[in-house]
Amino acid sequence: MCGIIGYTGVKGAQEIMLDALEILEYRGYDSAGIAVCGEDSCVRIRKCAGRVKDLRLLCEKDGILGTCGIGHTRWATHGGVSDANAHPHRFGKVTVTHNGIVENYRDLVQRYRLEERLQSQTDSEVAAAVLDHFYSGDPLAAIRKTVLKLKGTFALSIMFEDIPGTIFAVRNVSPIVIARAQGGSMLASDVTVLGQYSKEYFVLPEFYVAVLKAGGVELYDMAGETAEPEWLTVNWDVDRSGKGGYPFYMEKEIMEQPQVIRETVLPRIQGGIPDLSGDGIPDSLLADCTRICVVACGTAMHAGLVGKALMQSLVRIHMDVELASEFMYTDVIVDEETLVIAISQSGETIDTLEAVKHAKKNGAKTLAIVNVRGASVARASDYVIYTNAGPEIAVASTKAYTTQLAVLYLLTGRMAYVRGSFGEEEAKAFAGELMRVPEVMQKVLDRREEIHYIARSILNAQDVFMMGRGLDHAILLEGSLKLKEISYIHSEAYASGELKHGTIALITEDTPVVAVVTQDKVKSKEFSNIKEVQSRGAGVILFIKETFGLEKDAVWDSVFMLPAMEDGFMVMPASAALQLLAYYVSLDKGLDVDKPRNLAKVVTVE
Ligand code: AGP
């Protein structure tokens with residue numbers, strides 16, 4: 001949450017930062033601001049509640065010339081959405097932007113007698129005040145003393161009034177990446193934005209201080225010794241970060257799925273069999289564990305639920321899926337024989353990161369399925385498989401989810417093979433069906449206007465229920481989240497058999513029901529459950545595997561025939577269809593599809 005940017009070099013800092021902040025808005029978008037060190041060496045701030053476009057208007061009227069600056073786009077935690085609470089914050093000689101939460105800010109306010117001197121209600125301004133308190137000409141010493149006082153998470157970019165042209169950065173947990181770019185040096189919260197400017201970057205190690213100057217970047221440890229950055233290469237095409245002619249990133253990212261799934265899967269099929277040796281995953285890791293536990297949040301957790309259904313049925317291994325935010329507080333049993341799989345698009349979700357650390361402390365082996373190379377969850381885990389989805393900008397996750405699923409299919413196939421549940425022929429057949437996913441998914445995408453038409457029937461609904469059994473239920477949990485987060489329609493996904501244990505009381509003729517039927521073994525039960533809601537007046541939108549056919553006397557509000565795959569793979573075409581349903585509802589309601597209210601793409605607060 002919150003995006004930070006910094007630039008020092010030979011070009012105008014204001015324009016570079018405004019462009020970068022627009023990209024970074026997916027991390028938070030309730031207020032924005034920049035501080036630029038002007039040609040007269042004075043630091044000036046422009047900030048406001050609202051979007052980066054509002055900040056841009058402010059800067060057009062009253063801009064700041066200068067080649068060094070820091071910027072911020074906010075997702076409010078401490079202090080409401082207001083101009084004063086927007087970053088950057090200046091205190092004395094110090095100007096900062098901050099991502100994270102300073103948990104002990106109240107103690108610090110008391111200890112350094114700041115009550116009367118603060119302009120905002122933020123914990124971030126307190127960090128600036130403590131830095132100013134310790135600053136007497138030696139920036140590294142002031143930063144060192146300050147971070148020892150801060151409890152919580154922070155990514156701080158800092159300018160000192162009497163050191164023009166220089167940006168300092170330090171972090172604990174919350175990310176900062178740094179690159180040489182635009183004729184100078186840049187820092188940002190994540191590589192999605194820096195990747196536009198440079199292929200080479202490094203992740204600022206925790207509790208190291210980076211010093212950015214026009215001529216280069218220096219890195220120091222807490223003892224003041226210089227250190228060498230570990231340079232990484234951006235693992236996606238910069239071209240992929242634009243909207244590519246689509247009105248929203250979400251549509252573009254939905255449409256990219258066949259290609260990115262292909263890129264995720266094909267390099268990992270060797271001799272016709274799923275093979276993860278290129279990722280450094282030893283077969284022993286998959287063969288020796290007695291239990292699997294997924295830790296993840298939101299969409300990534302839903303991917304885990306699909307993985308659980310696959311693994312349990314095909315590998316016959318015990319698998320749990322835990323909300324990462326609950327993992328540490330619910331005494332989940334993990335030990336040396338447990339393989340903990342952390343799934344995260346950003347690799348920066350703090351709950352997932354903390355869950356990985358907790359699992360390691362308990363002796364578990366940890367495997368990350370992450371999209372962003374070098375992200376914290378990847379680095380904290382023993383093993384990592386990257387999803388190759390490329391940058392995902394829309395807050396609503398689509399291609400990251402289906403590439404996570406693709407990796408879970410690969411893991412399931414390999415695990416079944418090394419543990420003897422699959423013979424060679426079965427492993428090859430499984431991989432063959434997986435390789436067919438892009439082509440089948442493309443068929444759904446090509447028929448997106450049919451789904452657009454269906455979407456119109458729920459535009460004005462207050463509530464939508466979704467129902468299915470087994471894998472169909474797992475798919476719908478994600479479909480329902482998509483609809484909620486971007487269309488603001490209340491939606492619940494229910495295991496069909498469970499509805500009549502309470503929730504069916506809510507079904508009326510005004511509650512559209514979305515049903516997914518793709519699993520032969522539960523299809524007749526699913527149809528019975530659908531009849532139960534139809535008898536209570538609900539109109540049903542049906543997504544059904546095309547080879548199942550429809551009963552002659554049944555009445556549907558709408559039907560979408562899903563192109564057929566083996567039942568275990570129907571998750572993929574069905575997911576694309578449900579993503580499109582949510583997308584078109586949001587689009588036709590005239591909402592900001594990519595930036596739904598109250599949300600942020602990367603959740604770095606607990
Ligand atoms: C997805 O549409 C959501 N925006 C959200 O649930 C997301 O999947 C979750 O916050 C986890 O993020 P991560 O994959 O980056 O860890």
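Order of listing sets the numbers, starting from 1, for every ligand and every atom in it. Nothing here was measured: the structure is a model prediction, and the numbers come from that model.
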Look at [atom] and say which protein heavy atom is nearest, naming residue and atom and giving the distance to 0.1 Å.
atom: atom 16 (O) of ligand 1; value: Thr349 OG1, 2.4 Å
atom: atom 15 (O) of ligand 1; value: Ser346 OG, 2.6 Å
atom: atom 14 (O) of ligand 1; value: Gln345 N, 2.6 Å
atom: atom 2 (O) of ligand 1; value: Glu485 OE2, 2.4 Å
atom: atom 10 (O) of ligand 1; value: Val603 CG2, 4.0 Å

- Item | Asp190 (side chain) donor-acceptor with Ile176 (main chain) under 3.5 angstrom | no
- Task: Return the orientation label for the Tyr409 and Phe569 ring planes: parallel under 30°, perpendicular over 60°, tilted otherwise.
- Result: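 The arrangement is parallel - the two ring planes meet at less than 30°.
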- Query: Relative to the ring of Tyr584, is the ring of His452 parallel (under 30°), tilted (30 to 60°) or perpendicular (over 60°)?
  - Reply: parallel
When only distance counts, is [X] in polar contact with ligand 1, meaning an N/O pair under 3.5 Å?
X: Gln404; value: no
X: Val395; value: yes
X: Thr299; value: yes
X: Thr352; value: no

- Task: Please report the closest heavy-atom contact between Leu55 and Leu21, naming both atoms and the distance.
- Result: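 Closest approach of Leu55 to Leu21: CD2-CD1, 4.1 Å.
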- Item | Smallest separation among heavy atoms of Val321 and Gly304, with atom names |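 The answer is CG2-O, 3.4 Å.
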What atoms in ligand 1 come closer than 4.0 Å to a heavy atom of [X]?
X: Gly298; result: 6 (O)
X: Ser397; result: 1 (C), 2 (O)
X: Lys482; result: 1 (C), 2 (O)
X: Cys297; result: 8 (O), 9 (C), 11 (C)
X: Ala396; result: 2 (O)

Atom pairs and distances, side-chain donor-acceptor, residues 475-485, under 3.5 Å, sequence neighbours left out:
unit_1: Glu478; atom_1: OE1; unit_2: Thr299; atom_2: OG1; d: 3.1
unit_1: Glu478; atom_1: OE1; unit_2: His302; atom_2: ND1; d: 2.8
unit_1: Glu478; atom_1: OE2; unit_2: Thr299; atom_2: OG1; d: 3.1
unit_1: Glu478; atom_1: OE2; unit_2: Lys482; atom_2: NZ; d: 2.5
unit_1: Ser480; atom_1: OG; unit_2: Ser491; atom_2: O; d: 3.3
unit_1: Ser480; atom_1: OG; unit_2: Ser491; atom_2: OG; d: 2.7
unit_1: Lys482; atom_1: NZ; unit_2: Thr299; atom_2: OG1; d: 3.2
unit_1: Lys482; atom_1: NZ; unit_2: Ser397; atom_2: O; d: 2.7
unit_1: Lys482; atom_1: NZ; unit_2: Glu485; atom_2: OE2; d: 3.4
unit_1: Lys484; atom_1: NZ; unit_2: Ser491; atom_2: O; d: 3.0

- For the residue pair Leu367 and Val384, establish whether any side-chain heavy-atom pair is separated by less than 4.5 Å.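 Answer no - side chains too far apart.
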- ring-ring contact (aromatic ring centres under 6.0 Å, His included) with Phe465: which residues, sequence neighbours excluded?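 None.
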- Applying salt bridge (charged side-chain N to carboxylate O under 4.0 Å, His left out), run through Glu256 and Lys399 and close with a yes or a no. CA-CA 7 Å; Glu256 277 175 356; Lys399 63 175 181 170; 2.6 Å; yes
